[in-house]
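Here the structure is laid out as structure tokens; the discussion comes afterwards.
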There are 2 protein chains.
Amino acid sequence: MSVADRLERQPSRVHVTEVGPRDGLQNESVILSTAEKLELVHALMDAGVRAFEISSFVSPKAVPALADAGELVAALRGFEGLHLSALVPNRRGAERALEAGVDAVVMFVSASETHNAKNVNRSVAASLEGFEEVARLLEGSGVELRGAIATSFGCPFEGDIEVGAVGRIARHFADIGVRHVSLGDTTGMATPPLVSERIRHLREDAPSIVPTLHFHNTRGIGLANVMQGLALGVDRYESSIGGLGGCPFAPGASGNIASEDLVYLLDEMGIDTGIDLTGMIEAARVATRLMGRDLPGQVSKAGARLTLGDCSAVPTARG
Amino acid sequence: MSVADRLERQPSRVHVTEVGPRDGLQNESVILSTAEKLELVHALMDAGVRAFEISSFVSPKAVPALADAGELVAALRGFEGLHLSALVPNRRGAERALEAGVDAVVMFVSASETHNAKNVNRSVAASLEGFEEVARLLEGSGVELRGAIATSFGCPFEGDIEVGAVGRIARHFADIGVRHVSLGDTTGMATPPLVSERIRHLREDAPSIVPTLHFHNTRGIGLANVMQGLALGVDRYESSIGGLGGCPFAPGASGNIASEDLVYLLDEMGIDTGIDLTGMIEAARVATRLMGRDLPGQVSKAGARLTLGDCSAVPTARG
């Protein structure tokens, strides 16, 4: 495959953060024990995954599935080379995350006023103000501060989200020293043209920010959006093993893009992730067993591309 | 969305052929009655679908699900504006298709010798020779002759398929007057670089051929392959409603790319298909009911992009 065949700005290496333990599990009706979560994380580590959004330091009452955030971080922080990030909504969450020993704290806010109000019961401005407090708390701690903008591509309540809203929040993050900001496609409303528009504006509005794309496969086009991101040169993506999760607004809909399908696509495009597909297929099977349900990821069912078939089972005259 | 945001050669209009009644149903364990197939086809017609690969004139013993090919064509050929194509493996099949009253006859062969032998029990060369006979049969009939090349992107028995094998078959089709040739991704082995390579070679080897891309979502990257096809300017795709079908070589794997997800993606990219998404979501629901199982298509579960959520059901502190 010649380089000319690839899209113009396609990166040669992509950084994949596994968000299954956080975004995947928070939307599942089955709640895993800490030991089960660790089994899944270790299966992913065996496949070469090093970056995890491991949990969320929110109220255990609001998200019972993530109530063991502290224990999970404590059990994993001794492993060299691992990068553990966790979501925090406010100063209290950041204190708990720091105490547990995360490598990065991810402050989240929604680009939609309505979604932010429903989610964290405050205005976007109030959320942003709270982040300054978290930034001060982290000063000198060695822990990285990151940002996540939920509903960056559309809101299930408000519909379209003005591109400027995303840019304004990104600028605020840049102002308080944040480098990595994830654009969250919370309910699967991203499309290739919206990915282009948002990335181009972000680069103008907040040029110091390195964007991460976080897609859900709610409407089946998650990896088409990744193709658009790659064409724009975006080299950081978030995904969840097996496509864990779902959408609280659409029963039966898919969750995050499946990590193993993402790694398969990137592998086939000659893009290095440092992650082994065979190991990811195994991890997806662990996730399926632990959740006790079929998960939406595909490549784990069919096997890698050159997994050859059983010659005796061939049907005839299929076209 | 500015035109500059779109990929270089992206077509403004795309032709979608619905292959659910043929490729979808031939791989399902549930066999629909002719009346049920007609209910599904009418739901698709209500959504604006006009081009159907409606069945396959193969041995009813080999593919019992398609034994009613003749009745199905007879029931539909009176509808104005409809384009009905059907697969034929040989002269006998073509005679039956002609008699039934199709608009186009699709001759199929595999790019893989092993797959072709297993599928139709003859060599690729013997298949191609048989096509000349079919071409003569159709002369003056007003019925279009088309070609389909199975395993164009890889074979479950042989693995990688040399790009020249596809080009040679395409040239043969061109020599006997065929204009439309579909590259079949029979078991979901296509990848974006292979799509580029095959399309570029096809355009050199057989410049008179108009390619159609026929992807399966076996490994989850079907719409990523469509993105690559669009970037190359390919404007003809085949898909099946609901993602009907499956893969005889991979139990549990997905079938063709889902027509409604394809139409959703194209709509959002500003590409005209003449097909209405709401109608397609309805047709996917009809397909789900008729098959009695969950189908892999996604947008029918979540609804169109601006389907807004129930504000009372919002979860909190999700990030």
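A, B, ... follow the sequence lines: proteins, then strands. Residue 1 opens every chain.
- Chosen from B/Gly243, B/Gly188, B/Ser182, B/Ala302, the residue pairing most often with chain A at heavy-atom distances under 4.5 Å is B/Ala302.
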Evaluate A/Thr191 against B/Arg305 for side-chain contact (heavy atoms from CB on, under 4.5 Å), listing each step before the verdict.
CA-CA 9 Å; A/Thr191 65; B/Arg305 187 172 165 272; 3.8 Å; yes
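- For a residue to count as touching a neighbouring chain, one of its non-hydrogen atoms must lie under 4.5 Å from one of that chain's; by this rule B/Asp160 touches chain A with backbone and side chain alike.
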Steps toward side-chain contact (heavy atoms from CB on, under 4.5 Å) verdict (B/Leu194, A/Glu268):
CA-CA 9 Å; B/Leu194 286 173; A/Glu268 292 294 335; 5.6 Å; no
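- With respect to chain B, the highest number of heavy-atom pairs below 4.5 Å among A/Val195, A/Ile149, A/Ile221, A/Val106 belongs to A/Ile221.
- Looking at A/Arg219, its side chain does come within 3.5 Å of a backbone N or O of B/Gly303 through a donor-acceptor pair.
- Using a 4.5 Å cut-off on side-chain heavy atoms (C-beta onward), B/Leu306 and A/Met189 make contact.
- Between chain B and the options A/Gly297, A/Gly154, A/Gly220, the largest number of non-hydrogen pairs under 4.5 Å is found for A/Gly220.
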side-chain contact (heavy atoms from CB on, under 4.5 Å) for B/Leu223 and A/Met227? Distances and angles first, verdict last.
CA-CA 9 Å; B/Leu223 292 183; A/Met227 288 293 285; over 6 Å; no
